[in-house]
Amino acid sequence: MQIPQFEEIITPTDQTEARKASLEAISELVGNAYPNKFVRSTVTGTDDTITALKSFAPIVAVENEMAEIKAGLSEGERPPTEIKDAMNERLRALGTVRIAGRLTTPTRGNFVHLTDGISKFQVYCNKKGPLALVLNDGSDTLDEENGWKAWQLLDHGDFIGVEGYLFVTNTGEVSVHVEKLQFLVKAMRSMPDKMHGIADAELRQRQRYYDLIGSSLQVEHDGLTTREVFERRAKLIAGLRRYLEDHGYIEVETPMLTPKATGAAAKPFKTHHNALDIDLYARIAPELYLKRLVVGGFEKVYELNRNFRNEGISYKHNPEFTMLEFYCAYMDVNGMMNFCEELMRESVQKATGGLKVTYEGNEIDFARFERVTMKDAVAKYAPNLAVDDTNIVAAFDEHVEQNLIQPTFIIDYPKSISPLSKADPRDPQVAERFELFINGMEVANGFSELNDPKEQYERFVDQMVQREGGDEEAMVLDEDYIRALSYGMPPAAGIGIGVDRLVMLVTNKHSIRDVILFPHMRPERKGTSEEDN
RNA sequence: GGUCCGAUAGCUCAGUCGGUAGAGCAAAUGGCUUUUAACCAUUGGGUCCCUGGUUCGAGUCCAGGUCGGAUCACCA
């Protein structure tokens, strides 16, 4: 086995060497340069994160008042000392603060900013002191000389913890005047460009941590920072969960490793269980498991987790993607569309604060969802095309899909391509099924669930025949699912929602890889030709 | 998988007709020490993605490959 050397992973450069030297010098001053903890103050009432402190009302008030005063001053004129003194008295009354974070600016001079990844807080250090240096055992000594020495050994990107009092600067920024300095960890590599962040998409995705650092240090932004994209993603997902919980749905987890890959039309990943000596497949959909639970009496059930499909990668496809799937007993396809609209409205509102989002120049309005039959949609966008049951889906894909910008439910799918869906009572060739399209992307797929075990069996058999005929994505017969249905599944509607795509829409990201923290990529390879085996 | 585009310093990017490898930020050294992306001066830093070819000479031209991006196909 070839184990790479540390230096092969952390390739020495002038930057790493300089930082190594600075780390050694700091170790001489403080002992172990990797302390185990830093306890933050609770001036804000809770843990004083930088974000909490930055948005703390008394601090915001001082900054706002200073901004007003400064607006009345001429360029370069300093605010009156009495006013500043009064403010500083208010700030000092808040007590001693202890905050920690990453240095966002090189330490040339007395001022630096610390960030917690979201907000920045300014920190001031004066070599005239009083300044204490905290040693690794937590003890500290008043020692301006060593304290200032340590301060100057700090590098852009290091983590420090500081203790001190709050004051306002001439430019009106509330800052911490450092009285005690504790070194927390050294950043051994240089930080990203502060104006541009990480522009290289490959670097951004392979080293998301570096991208996140870069976006937190970056001075100016167009659109959301990487951090904000994933916070918005979390809010959207929390909103989805909240809405379902509030409406009586229960969250479950069904197998990711399954003996049969079925419940959707897709190619699976295959793996092997050694102890049982059986092949298993990463699930392509949780659908059939969730409906087994409806049989068992879970009337409202949902699962929000990953599906895996062994197919191409594109701006809207990642091999593993997050799907929200849920089922509701006694509901049909129309009830499900209504519920889906409300669910999306609530969640989008929670994530973005509104119902309208701008996506690649289009304004998408989640307030209105249209419902159009597939036949009418094709007739509208390809009026001169003669369509029948055999070519309508192809015609739809080719001529209609990319035109559906505003939220649109396409309804009345051919039954032949909907093997788990009930037929429309008015037309046996049509399925009670919809797909939701937004900005030309399929975002959701739902239907009235077929619950007649005999008919479901026959639909599976049709699929198996197509499979034999070479359609690798035709569904696999699941015998236990037929058995489950034979115990009786109440009428029910179900839906699958592509969460990543919904996140793309609310974050204005063109690529699914920008809304997945660690998207799938080919393994990195060294540029040399020496690798073999 | 097809087509098009790209890869140069830690990061962001220039590099003209094929003729000694460049800038800004970051880093080092010295100065400054209430500053708001970039204070001043000086210095160091390169497998120009890899392999091969053409040429007196290749970052630059050619071929093959690697990785990435866009797009098409398939899928959600």
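Below, read A as the first sequence line, B as the second, and so on, with proteins coming before strands; counting in each chain starts at 1.
One P atom belongs to B:rG22, the other to B:rG6, and the distance between them is 24 Å to the nearest Å. Distance check on atom C1': B:rG2 versus B:rC61 gives 26 Å, rounded to whole Å. If you take atom C1' in B:rU12 and the same atom in B:rA37, they sit 13 Å apart, rounded to whole Å. Nucleotides B:rG15 and B:rC72 place their P atoms 30 Å apart, quoted to the nearest Å.
At a threshold of 4.0 angstrom between heavy atoms, the contacts of A:Lys316 include nucleobase atoms, whether or not backbone atoms are also involved. Here A:Gly197 lies in heavy-atom contact (under 4.0 Å) with sugar-phosphate atoms only.
For A:Gln15, no side-chain nitrogen or oxygen approaches OP1 or OP2 of B:rC11 to under 4.0 Å. Between A:Lys267 and B:rC74 there is no side-chain polar atom (N or O) within less than 4.0 angstrom of OP1 or OP2.
The listed nucleotides are B:rG69, B:rA26, B:rU12; the one nearest the side chain of A:Ala201 is B:rG69. Counting only heavy atoms from C-beta on, A:Met195 has its side chain closest to B:rA37 among B:rU33, B:rA37, B:rG69. Side chain of A:Arg78, nearest nucleotide from B:rA37, B:rU35, B:rU33: B:rU35. Checking B:rC74, B:rU34, B:rG10 against the side-chain heavy atoms of A:Glu473 singles out B:rC74 as nearest.
Stacking of A:Arg92 on the aromatic ring of A:Tyr165 is recorded, both the 6.0 Å distance cut-off and the 45° axial limit being met.
Here the P atom of nucleotide B:rA27 and the CG atom of A:Leu154 are 12 Å apart, to the nearest Å.
In this pair, A:Phe321 lays its aromatic ring flat on the base of B:rA76, centres within 5.5 Å and planes under 30 degrees apart.
Taking the six-membered ring for Trp, A:Phe56 and A:Phe121 have ring centres at least 6.0 Å apart.
By the 30° and 60° cut-offs, the orientation of the rings of A:Phe339 relative to A:Tyr243 is tilted.
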